[in-house]
Amino acid sequence: MSTYDLIIRNGQVVTPESTFQSDIAVKDGKIQKVASNIEGTANKEIDAKGLHVLPGVIDTHVHFNEPGRAEWEGLATGSRSLAKGGATSFFDMPLNSTPPVINKENLKNKSDLADMKSVVNPYYWGGLVPENINQLKELHDNGVIGFKAFMSPSGIEDFNNADDETLYKGMKEIASFNSILAVHAESTVICDQLAKEKIAQGQTTARDFVESRPIISEIEAVRRIISYAEATGCKLHVVHASSRKVTNLINEAKKRGVNASVETCAHYLALTVKDLEEKGGLAKCAPPLRDSEEVEELWVALANGEIDMIASDHSPAPADMKTVTDNYFEGWGGISGAQSTLNVLLTEGYHKRNLPLEKIVEVTAVNPAKRFGLENKGSLVEGFDADVTLVNLNESFELQAEDLLYRHQHSPYVGKTFKGNVKTTIVNGTVVYDNGEIVVGQ
């Protein structure tokens, strides 16, 4: 009779193809067997009757800010909030950390901290900035998942945005070793000029801020970066698209043979300009929130397979930096949402819009693992890492500030009622979150 470290029994296992009742046996951090009525004993058994068993969320876009700005967020608090939200891996962005991850030394500083502090699997983006093109290969060789560039100012003094020459040369270099470039795609010229005009006229409301960063700004930048991808052969990933008009451009490029992918974020699927007006700086981000018609179009795109993955773009800051009064051009832009991505997709997607669970696991786990070359992650199949999330689809709760494990307990989702609650999160075969508590090692 076989002996395992863990057996999850009687759960409804969700794959991109189907959902079925099964047991899952785990040993040495790997899934050994997925089958009904698995025989054998285990050091720990979990009865998942009434629960759905999903591959752990892979959040491809977070800003945990450590080292250097740990007072904004940290690897310990950030990773624990992810675990509570059903995520088992994250890709940390290279900026907001001080120093930013633009060379191998800075990468090692961050990875050493994550090894000590993170309760989920950490991965790292390297930065593409004008001054580090000759260090991209070294970063790649030291394990970055890919590279991130800003086509408009990042807001961080030590992480410069990439001008067109930097983008082209950087993409050519990245293509030479078959890596990928992720871009924040907004037009500097359009956004800067519109913002100057608005501010000069004293037009500083939430709606004015949104109108200063219009969808056409994203469209212009995406068209430009796609042309560079076609010219250089560089794999491309467009982050936080706020509109189906943007995702359409990536899908048209794919049809022409461009190796491209696109993400959107939970907040573009759950929040609107009205939330920005009501919640102030807690709901400020760039690109900004859009109107409800754009939100609904993004859901259509998601259901149609036009969006490759969903990320949180968790970009926290202390409360005093998020304060907005009369001038929405002031205050730090960035939404705290890493703990709530799966809740949004289950509530707004599965329950409200009949989005299949199979599609949810595809865009939160399967596609990210495949796109970024995470072998043995993202799926509940034999031989893969045991990164697992158990969810009660029918349990509702109202999110309270004290429920958040972030360094700063604020989020535009506070006060929202979610249907679909994460009960247990397992990382590499180890239960790290269980029924409201972080239980690393138990």
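Residues take their numbers from the sequence shown, with the count starting at 1. Just so it is clear, the structure is predicted and the values come from calculations on it, not from any experiment.
Scanning for salt bridge (charged side-chain N to carboxylate O under 4.0 Å, His left out) contacts around E362 gives K359, with sequence neighbours left out. For F90, the ring-ring contact (aromatic ring centres under 6.0 Å, His included) partners two or more places apart in sequence, or in a different chain, are F64. Legend: residues meeting side-chain hydrogen bond (donor to acceptor under 3.5 Å, both in side chains) with Y124, ordered by chain and number and at least two apart, are absent. Contacts of D387 classified as side-chain hydrogen bond (donor to acceptor under 3.5 Å, both in side chains), with partners at least two apart in sequence or in another chain: N121, K377. Partners of E402 according to the salt bridge (charged side-chain N to carboxylate O under 4.0 Å, His left out) rule, which considers only residues two or more places apart in sequence or in another chain, do not exist here.
Taking the six-membered ring where the residue is Trp, F150 and H184 present parallel rings, their angle staying beneath 30° rather than reaching 60°. Ring planes of H408 and H410: parallel class, angle under 30° (limits at 30 and 60°).
Exactly one of E211, E218, E296 qualifies for a salt bridge (Lys or Arg N to Asp or Glu O under 4.0 Å) with R290. That residue is E218.
The aromatic ring centroids of W125 and F372 lie less than 6.0 Å from each other. For H267 and Y413, the ring centers are positioned 6.0 Å apart or more.
For residues 168-178, every residue pair satisfying the side chain to side chain donor-acceptor pair (under 3.5 Å) rule, not counting sequence neighbours, is listed here: E165-K169.
One side chain, S97 or K110, offers a donor N or O that lies under 3.5 Å from an acceptor on the other. Using a 3.5 Å distance cut-off with no hydrogens or angles, the side chains of H61 and E263 do pair a donor with an acceptor. Residues D291 and T272 have side chains that never bring a donor and an acceptor to within less than 3.5 angstrom of each other.
Separating the OG atom in S312 from the CG atom in L82 is a distance of 6.5 Å, to the nearest 0.5 Å. Atom CD in E398 sits 4.5 Å away from atom OG1 in T417 (nearest 0.5 Å).
Looking at D308, its side chain does come within 3.5 Å of a backbone N or O of V262 through a donor-acceptor pair.
V13 is not listed as a side-chain neighbour of T19, based on a closest heavy-atom distance of 4.5 Å or more.
A salt bridge between K30 and E382 is absent, with no side-chain N of the basic residue lying under 4.0 Å from a carboxylate O of the acidic one.
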